[in-house]
Amino acid sequence: MSEIEVRLPDGRTLALPPGASVLAAAERIGAGLARAALAGRVDGRLVDLRAPLANGSALEIVTAKDPAGSEVIRHSAEHVMADAVKRLFPGAQIDVGRSDHSEKFQYDFLVERPFTPEDLARIEEEMARIVAEKAPFTREIVGRDEARSVFAGLGETLKVSRLDDIPAGEPITLFRHGRFVDLCRGPHVQRTDQIGAFKLIEVAGAYWRGDERNPMLQRIYGIAFATKKDLDEHLERLEEARRRDHRRLGAELDLFHLDPISPGSPFYHPKGMVLYNGLVSYIRSLYPKYGYQEVMTPQLFRSELFKTSGHYDLFHDDMFLVQGDEDEELGVKPMNCPGHCHLFASRKRSYRELPLRLAEFSRLHRNERSGALTGLSRVRSMAQDDGHIYCEPEQVGDEVNRFFEMMNEVYRDLGIEGVQISVSTRPDDFFGDPADWDRAEETLVQAVRAAGHACGIKPKEGAFYAPKVECDFFDVLGRRWTLATVQLDMAMPGRFGLRYVGRDGTEKQPAMLHRAVLGSLERFIAIYLEHTAGDFPLWLAPVQATVLPITDRTLGYARKVEERLQTAGVRAVLDGRGEKLGFKIREAEMQKIPLMVVVGDQEEANGTVTPRRRFGPKEAPAAVPLDVFVAGLAEEIASRRSVPRSPAVGEQHR
RNA sequence: GCUGGCGUAGCUCAAUCGGUAGAGCGGCUGAUUUGUAAUCAGCAGGUUAUGGGUUCAAGUCCCUUCGCCAGCUCCA
């Protein structure tokens, strides 16, 4: 074979000498492209520029314009950082970087003493020098023994051990730039100066191989981009995330606070409680439609219950246990499912009452390790919009589908869009029969697909008793959160000996589903606060309208307006302070109250109000007759029409 | 729980070399009666997270405990 051919995105083919690299192909296309090239995409797979091309493959040259290009930049920045650390701290041993370079880059080091923030600054300076050296990256394929002797010679024992992770038969590639060498699949940029802008953002401990029994290494995180502008945009996004932090908004909007007097247990203020109750009563209002029956089960159980369920074995240390009578040990419930199973088993059940859908909003307590606590996102005291469905095994698909219907309605009313669904499969620690698990996982995947969704897989992410369907959404800052979940239980019906009498008169074991739409109310509130920046849909806003009299002369009329609104079920308040209108408007805006109702002499004389809407039109609003306004507002709230429009970055400061 | 960082008024932050705690916002009081994002003035507010130590002297240096933040681990 004298030449090979590759296909280009525009349909052309390119003839190249055998063994030609991606870079050679780029050079053949154009010098400019070759200079900008960061990696190649061959038959859809990202490859290094130095990798040889095979005949007949489809080739695309990846530059900084391609999202994959930025991943390559981050990955190369990672090597440059490791190089900088080795130059400054020759005794440091390198471990590995990150496998997924979609966001940050990182590298772990074994060092004598932890890195300080000052070290970080020095490492950053050293990195800048390495980038300025414009050192070329080189790629070589080596034998296992050669690789071992390279790293053993450098005293990199962690790296030698990592070498054993590479399965036999897989090629071993080394990447070098300057004097630095690393075991790596690539791809990498051509030269270090293609890393346009970078910043080291934090240093933290990380267990070797992610196991807390192992020694702790020092991990440095950084971000890198093709240009300074991209870096600045990213930093601005981080700043926006800080502005939207739910702990900060919780204080600013007077919703809740956390106090060392009870770590991990929120104090809900009156407005926060309106929000919390608003969510609970909303979900509750949907239960008749979707066939749920609400129940309440005890807060404290003999620990026997949790031994039956299996939770005691696995989560004993994370439960609050108290002493009952004599030798009886009681546990504060960390979840509702064992109680619901106990309730199910309290009498004989018939197939006629299935599916039995039990819902509960009780507060749950989990003794989370202190280091795990974070605002409302991870708490010790929480509640879920929890429910358990007991049904005949053949009804599972329908029930999953019905759950999606409810989820869709809830998310529509909350303005949550772009949900991605995946199934989490059997973890290493599981209860039950692997064959049952395989069937259950398949059942869930089929149910997700039947509902018209693509279905991802999260390997080994299931709970010990069940594979999970997880519904993830991306918030306005692009962060991924898991909200709704449905789990098909493989353990509890058997462990609790649950039975129902079937149509044929014999006793059978019911299938059991665990499900929640919002998940933990606390965590949902945290995510939703950050997603909406505190601009809740009108129907959920703690204060829906504030009445703003212009002078004391109209205070009496303003009171009447407030009362009319309240009578119509609107959560309205009156700002009767002796301040100017602009001042009151500013306060209402900062409190993110959706509607301001201005009343002055003109409004009083005409029996009207002048509504001012947050995010409304800029021009001066027109007066509306009071009756019309109140009726229209009440209707708007009842219909849940106004979902949040998430303000763009920086907009809420105008 | 582990690693690192942090903890000063309700909030955001000052306080030189270790020299005896200050501002803005908020709160309160008074004046102002205001038409679409901040009217003016005055007043109060602190065991510098906690307990110990070093020192003539500690917000500042050292140790303890607690909490918070980031990450790790975990997340029924």
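On a predicted model such as this, the values are computed, not experimentally measured, just so you know. Lettering follows sequence order; numbering is per chain, from 1.
- Lys333(A) comes within 4.0 angstrom of nothing in the nucleic acid, heavy atoms only.
- For Phe267(A) and G10(B), the CZ to P distance is 16 Å, given to the nearest whole Å.
- Note on Asp259(A): nothing from the nucleic acid sits closer than 4.0 angstrom, heavy atoms only.
- Rounded to whole Å, atom P of G35(B) lies 13 Å from atom CD of Glu579(A).
- If you take atom C1' in A14(B) and the same atom in U48(B), they sit 13 Å apart, rounded to whole Å.
- The listed nucleotides are U33(B), U3(B), A37(B); the one nearest the side chain of Pro114(A) is U3(B).
- Leu373(A) comes within contact range of the sugar-phosphate backbone alone, with a heavy-atom separation under 4.0 Å but no base atom that close.
- Nearest to the side-chain atoms of Lys580(A) among the listed nucleotides U39(B), C2(B), A76(B) stands U39(B).
- Distances were taken from every side-chain heavy atom of Ala204(A) (C-beta onward) to each of A37(B), A70(B), U34(B); the shortest belongs to A70(B).
- Looking only at atom types and distance, the side chain of Glu329(A) has a donor-acceptor partner in the side chain of Ser303(A) under 3.5 Å away.
- For Gln602(A), counting side-chain heavy atoms from C-beta on, the closest listed nucleotide (G71(B), G35(B), A76(B)) is G35(B).
- With G67(B), U73(B), A76(B) as the candidates, the nucleotide lying closest to the side chain of Arg369(A) is U73(B).
- Side-chain rings of His311(A) and Phe464(A) approach one another, their centers coming within less than 6.0 Å.
- Remark: aromatic rings of Phe267(A) and His257(A) are close, center separation under 6.0 Å.
- Salt-bridge check for Lys333(A) with Glu360(A): passed, with a basic side-chain N closer than 4.0 Å to an acidic carboxylate O.
- Aromatic ring centroids of Tyr465(A) and His514(A) lie under 6.0 Å apart.
- Closest to the side chain of Tyr207(A), from the set G35(B), U3(B), C72(B), is C72(B).
- For the pair Tyr465(A) and Asp245(A), nearest-nucleotide mapping onto RNA chain B gives the more 5' position to Asp245(A).
- The side chain of Arg553(A) places an N or O atom within less than 4.0 Å of a non-bridging phosphate oxygen (OP1 or OP2) of U34(B).
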Summary of protein contacts for nucleotides 23-29 of chain B, nucleotide by nucleotide, where a base hit scores B, a sugar-phosphate-only hit scores S (4.0 Å, heavy atoms)
-------
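- Gly371(A) comes within 4.0 angstrom of a base, heavy atoms only.
- Residue-level contact check: Gly519(A) touches neither bases nor backbone, having no heavy atom under 4.0 Å from any strand.
- The phosphate of A70(B) has OP1 or OP2 within less than 4.0 Å of a side-chain N or O from Arg247(A).
- Taking only side-chain atoms of Asp601(A), from C-beta outward, the nucleotide of C72(B), A70(B), G35(B) with the closest atom is G35(B).
- In a base pair of the Watson-Crick type (N1 to N3 plus N6-O4 or O6-N4) or a G-U wobble (N1-O2 and O6-N3), with each distance short of 3.5 Å, U12(B) is matched with A23(B).
- Picking from C72(B), G35(B), U73(B) the nucleotide with the shortest atom distance to the side chain of Thr610(A) gives G35(B).
- With P as the reference atom, C13(B) and C69(B) are 15 Å apart, rounded to whole Å.
- Residue Ala372(A) is in base contact, counting any heavy-atom pair closer than 4.0 Å across all strands shown.
- Applying the 4.0 Å criterion to OP1 and OP2 of A37(B), one finds that Arg612(A) has a side-chain N or O inside that range.
- When the P atom is compared between A21(B) and C62(B), the two are found 23 Å apart, to the nearest whole Å.
- Of the side-chain N and O atoms in Tyr312(A), none sit less than 4.0 angstrom from OP1 or OP2 of A76(B).
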From CA spacing to verdict: side-chain contact (heavy atoms from CB on, under 4.5 Å), Ile94(A), Lys159(A):
CA-CA 7 Å; Ile94(A) 56 173; Lys159(A) 197 53 99 178; 3.8 Å; yes
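- Rounded to the nearest 0.5 Å, atoms CD1 (Ile593(A)) and OG1 (Thr546(A)) are 5.0 Å apart.
- Contact annotation for Ile585(A): base contact, defined as any heavy-atom pair under 4.0 Å involving a base atom.
- Rounded to the nearest Å, the gap between the C1' atom of C6(B) and that of U65(B) is 16 Å.
- C43(B) and A37(B) are spaced 28 Å apart, taking the C1' atom of each and rounding to whole Å.
- Residue Phe464(A) has its side chain nearest to A76(B) when only A76(B), U36(B), A37(B) are considered.
- Among the atoms of the strands shown, base atoms are found under 4.0 Å from some heavy atom of Arg366(A).
- Comparing G30(B) with U20(B), their P atoms are spaced 38 Å from each other, to the whole Å.
- Judged by distance alone with a 3.5 Å cut-off, a donor-acceptor contact links the side chain of Arg378(A) to the base of C74(B).
- Within the 6.0 Å centre-distance limit, the rings of Phe115(A) and Phe89(A) are counted as a close aromatic pair.
- Nucleic acid contact for Glu603(A): base, since at least one base atom lies under 4.0 Å from a heavy atom of the residue.
- C11(B) and C68(B) have their P atoms separated by 15 Å, with the value rounded to a whole Å.
- Among C68(B), U36(B), A37(B), the nucleotide with an atom closest to any side-chain atom of Pro263(A) is C68(B).
- Checked against the 6.0 Å centroid threshold, His342(A) and Phe301(A) do not count as a close aromatic pair.
- Across all strands, Gly310(A) comes closer than 4.0 Å to no nucleic acid atom at all (heavy-atom distances).
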